[in-house]
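Working notes, structure below.
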Amino acid sequence: MLAFIGGTGLTRMDNLRITGSQTLSTRFGEPSAPVVEGRLNGREVLFLARHGDPHVLLPHQVNYRANMVALKDAGASAIVAVNAVGGITDKAPTGALVLADQIIDYTHGRDMTLFDDPEEPLVHVDFSWPFDAALRAALKERLTVSGLAWTDGGCYGATQGPRLETAAEILRMERDGCDVVGMTGMPEAVLARELDIPYAMLSLVVNPGAGKSDREITMAEIEAVIHDGMAGVCRVLADLAEHW
Ligand SMILES: CSC[C@H]1O[C@H](OP(=O)(O)O)[C@H](O)[C@@H]1O
C-alpha cells in the first residue's frame, strides 16, 4: 500500500477520505501520530504526520525509527515523503517542487539505524542512490501532467535544526552540491532503505535559503507559500495514488 509522510504544512491531507486509524507501538517506541488509513482518488493509502497531529515535534525530536517501523507494520509498501525546504540553487525557486535524487546528511545525534540489536545480523545497506527509481519515475509522470513548477533531480541537504542556517552554512552546502535544505530527510530516508521500502521525497521550496535573498526568513512568508503549495502537492499525491 502506498503511504505518505506529511511534514510542515501537511499535518492532514484535505483530499484524503479517512476510513480508520491505527495507534501503533514499535520496539523503538511510539510514532509521531496514529497511522491514518483512507481513500485518495478511490485508492487505499496510509498517511502519517511526521511532526505529530497537531504539529508539536521539532525535527530532532521526531522518532524516525518508530515512524518508519509503524508504517511498515501498517502495510506500507512504498512511501512518498513530503518536505518543506529552503532553496539554495536555481533548481529550487520558491514555490517550486523538487524531486530530489540525492541527499547529504549534516544531522547529528539522531538514531539513524534499525540495526542496533547485537543479537541480529548487521547489514550495511547500499545507499548510493537513496531514492527509489520506480517511485521517482511515477512521480515524474504525475508532476509532468500537473502543470506545477517542478525540478527533476537535486540534492537535499539535511540539517539538524531547529534553527535555520547561517548564510555561510548555505554557501558551504551549495559548494557541497546541495540544491535544497531541510531538517527531516535524514535519517528518514536511510531507515526506509534499511526496511527495504521504496521511498522518494517530494519537496516544496518555501523560502530562499539563508543569505539567498536580501530579506530575513519569516514564518509568515513560509506559511503563505505553504498554503497554495501543499494544495498542489495533495493533488499530485492523489493522482499518484490512482496511477501507482
Ligand atoms: C522553517 S520550517 C522548518 C521545518 O519545515 C521542514 O519540515 P518538514 O521537512 O517536516 O516538511 C523542515 O525540515 C523543518 O522541520
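Every heavy atom of this structure was used, including side-chain atoms; hydrogens, water molecules and symmetry mates were not. When a ligand or atom number is given, it counts from 1 through the structure's own listing order.
Interface atoms of ligand 1 facing Arg50, defined by a heavy-atom separation under 4.0 Å, are 8 (P), 9 (O), 10 (O), 11 (O). Remark: ligand 1 atoms within the under-4.0 Å shell around heavy atoms of Ile222 are 1 (C). Every atom of ligand 1 with a heavy atom of Gly7 under 4.0 Å away is listed here by number and element: 10 (O), 11 (O).
Ligand 1 lies within reach of Pro59, whose nearest heavy atom is under 4.0 Å from it.
For atom 11 (O) of ligand 1, the nearest non-hydrogen atom from the set Ala84, Ala49, Gly9 comes from Ala84. With atom 4 (C) of ligand 1 as the reference point, the heavy atom nearest to it among Thr8, Leu58, Ile5 is part of Thr8.
Listed here is the closest heavy atom pair of Cys155 and Gly177: CB-O, 3.2 Å. Residues Ala238 and Leu40 come closest through the heavy atom pair CA-CG, 3.6 Å. Closest heavy-atom contact between Ala49 and Ser32: O-CB, 3.3 Å. Heavy atoms only, all atoms of each residue included: Ala74 and Leu24 are closest at CB-CD1, 4.1 Å.
From the protein, the heavy atom lying nearest to atom 9 (O) of ligand 1 is Thr184 OG1, 2.6 Å. Looking at atom 10 (O) of ligand 1, its nearest protein heavy atom turns out to be His51 NE2, 2.5 Å. Of the protein's non-hydrogen atoms, the one nearest atom 3 (C) of ligand 1 is Met183 CE, 4.3 Å.
Ligand 1 has no N or O atom lying under 3.5 Å from any N or O atom of Leu164, backbone or side chain. Looking at Tyr156 next to ligand 1, no N or O pair under 3.5 Å apart turns up.
Ion pairing between Lys72 and Asp196 fails under the 4.0 Å rule for side-chain N and carboxylate O. The pair Asp116-Arg27 counts as a salt bridge, with a side-chain nitrogen and a carboxylate oxygen less than 4.0 angstrom apart.
Annotation: side chain of Met68 is in contact with side chain of Tyr199 (closest heavy-atom distance under 4.5 Å).
Under the 4.5 Å side-chain heavy-atom criterion for grouping Ile, Leu, Val, Met, Phe, Trp and Tyr, Val80 is not connected to Leu191 through any hydrophobic cluster.
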